[in-house]
Amino acid sequence: MDLDANRSLIATALARIPGGDRAALQTVYRLTSAKLFGVALRILGERSEAEDVVQEVYLTVWRKAEQFDAGRASPMTWLIAIARNRAIDRLRATRSSRHMEPIDSAAEIADGADPADSMLEKSEDSARLYGCLDGLAVHERNALRGAFFDGNTYDDLAARMNVPLGTMKSWVRRAMIKLKSCLET
Amino acid sequence: MSDTADHSGLPADELLAAEYALGVLAGAERAAAEQRIAREGVFAAMVAEWEARLSPWATGIAPVPPPPQLWDNIAAALPAHAAPASSGWWQSLAFWRGLSLASGALAAACIGVLIYRGNVPEHPPLMASIDGGGHRHFVATVDLARGSIAVAPAAFAADATRVPELWLIPADGRPRPLGLLRADGGVVITIPQALRPFATRDAVLAVSLEPSGGSPTGQPTGPVIATGKLTNL
């Protein structure tokens with residue numbers, strides 16, 4: 001589906017939810033649930049937990065839809081942030097991360113990106129982000145990836161990459177500073 | 001190595017927003033960031049900007065269709081009646097509008113109580129009409145001499161799975177839990193000593209829907225369905 005058309009369908013449906021329109025929520029669900037389930041499943045690693053989280057996400061969307069401002073944010077950005085945060089909350093509440101295999105600081109990890117089949121893909125935003133991520137050092141990129149895709153905490157990342165906690169914080173913060181500066185130019 | 005932001009380039013708040021959006025925080029740090037998002041518009045906007053910067057990375061996650069019954073579960077869990085209440089209520093226009101309406105709605109009830117009591121008491125009680133969605137849900141009276149608050153249901157409709165919880169929100173905007181309410185009768189809650197100085201005119205009472213037993217976090221976790229401002233008789 002055409003990206004802009006999809007974005008506008010989702011945004012229009014979100015705008016109808018605060019009036020109590022269940023069909024609008026169902027439209028949002030139909031257009032976005034596979035992506036959000038994928039996100040929750042990636043972080044949690046278990047289907048039943050990801051299902052619980054996705055259910056919570058759409059109940060949150062039902063309650064909070066009026067806070068979504070289509071003029072300021074992309075609907076997928078808003079929804080993905082809710083899904084990631086709910087999944088991370090679940091992870092933190094139940095146990096440590098599922099993804100704790102060691103990460104080699106020097107070796108690139110594939111993130112399995114498949115830009116052809118996402119609602120965010122191939123946008124200018126995504127091209128720019130991937131360009132800026134390429135500009136980071138490998139260990140910085142790997143640390144951010146562990147946090148973003150695996151739901152790792154600073155402690156998890158320090159363990160996986162076998163560096164002191166302070167070093168890990170420093171890596172991540174430095175990487176975020178570089179990322180912001182690159183995205184703004 | 002130091003834990004603090006040792007790189008010039010981004011203020012500490014912005015780094016915290018970035019760390020929250022990335023998801024590396026845990027425990028108290030994550031909870032503290034969430035509270036700031038709820039209360040501080042500027043900080044919430046920084047987090048939203050970082051979410052927007054990072055979310056295109058989710059391109060790297062393949063969509064997976066959820067099982068077909070998941071929508072049915074969601075539809076079944078939606079509230080049976082009424083429009084949803086906003087969780088960002090302290091930032092919402094409707095909330096502030098509701099406050100001014102609530103103050104007006106009090107007059108009749110106040111007069112009734114004055115007549116009933118037959119005099120003006122030494123510690124004039126505070127009252128609030130706790131309204132939401134155009135309905136008065138509860139009426140609350142604070143007895144400052146006893147340090148208690150009596151809350152009677154008006155048009156509150158019970159929810160099958162969640163219980164109404166009462167919150168006191170003084171001028172600092174932070175909700176303090178007072179206790180659980182009932183749909184089928186009045187309750188009298190003793191206000192904890194530490195909270196009594198906050199139970200003053202213009203403090204706000206709010207009711208949220210919480211899991212059985214009340215909010216597990218000490219902050220409202222469910223929708224806030226009604227609010228009302230304490231007013232002197």
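So that the names make sense, note that chain A is the first sequence line, chain B the second, and so on, each numbered from 1.
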In terms of heavy-atom contacts, A:Glu46 and A:Leu41 come closest through C-CD1, 3.7 Å
For B:Arg162, the salt bridge (charged side-chain N to carboxylate O under 4.0 Å, His left out) test, sequence neighbours excluded, returns B:Asp159
[X], part contacting chain B, at a heavy-atom distance under 4.5 Å:
X	value
A:Leu157	side chain
A:Asp155	neither
A:Arg47	side chain
A:Glu56	neither
A:Leu36	neither
A:Asp21	neither
A:Val172	side chain

query: Relative to the ring of A:His139, is the ring of A:Trp171 parallel (under 30°), tilted (30 to 60°) or perpendicular (over 60°)?
result: tilted
Tell me whether the rings of A:Tyr58 and A:Tyr29 are parallel (<30°), tilted (30 to 60°) or perpendicular (>60°). perpendicular
Can a side-chain donor-acceptor contact be found between B:Trp167 and B:Gln219 if the only test is distance below 3.5 angstrom?
no
Residues pairing under salt bridge (Lys or Arg N to Asp or Glu O under 4.0 Å) where one sits in residues 19-28 of chain B, two or more places apart or in two chains, turn out to be A:Arg173-B:Glu19
Answer key: most heavy-atom pairs under 4.5 Å with chain B among A:Leu183, A:Leu25, A:Val39 is A:Leu25
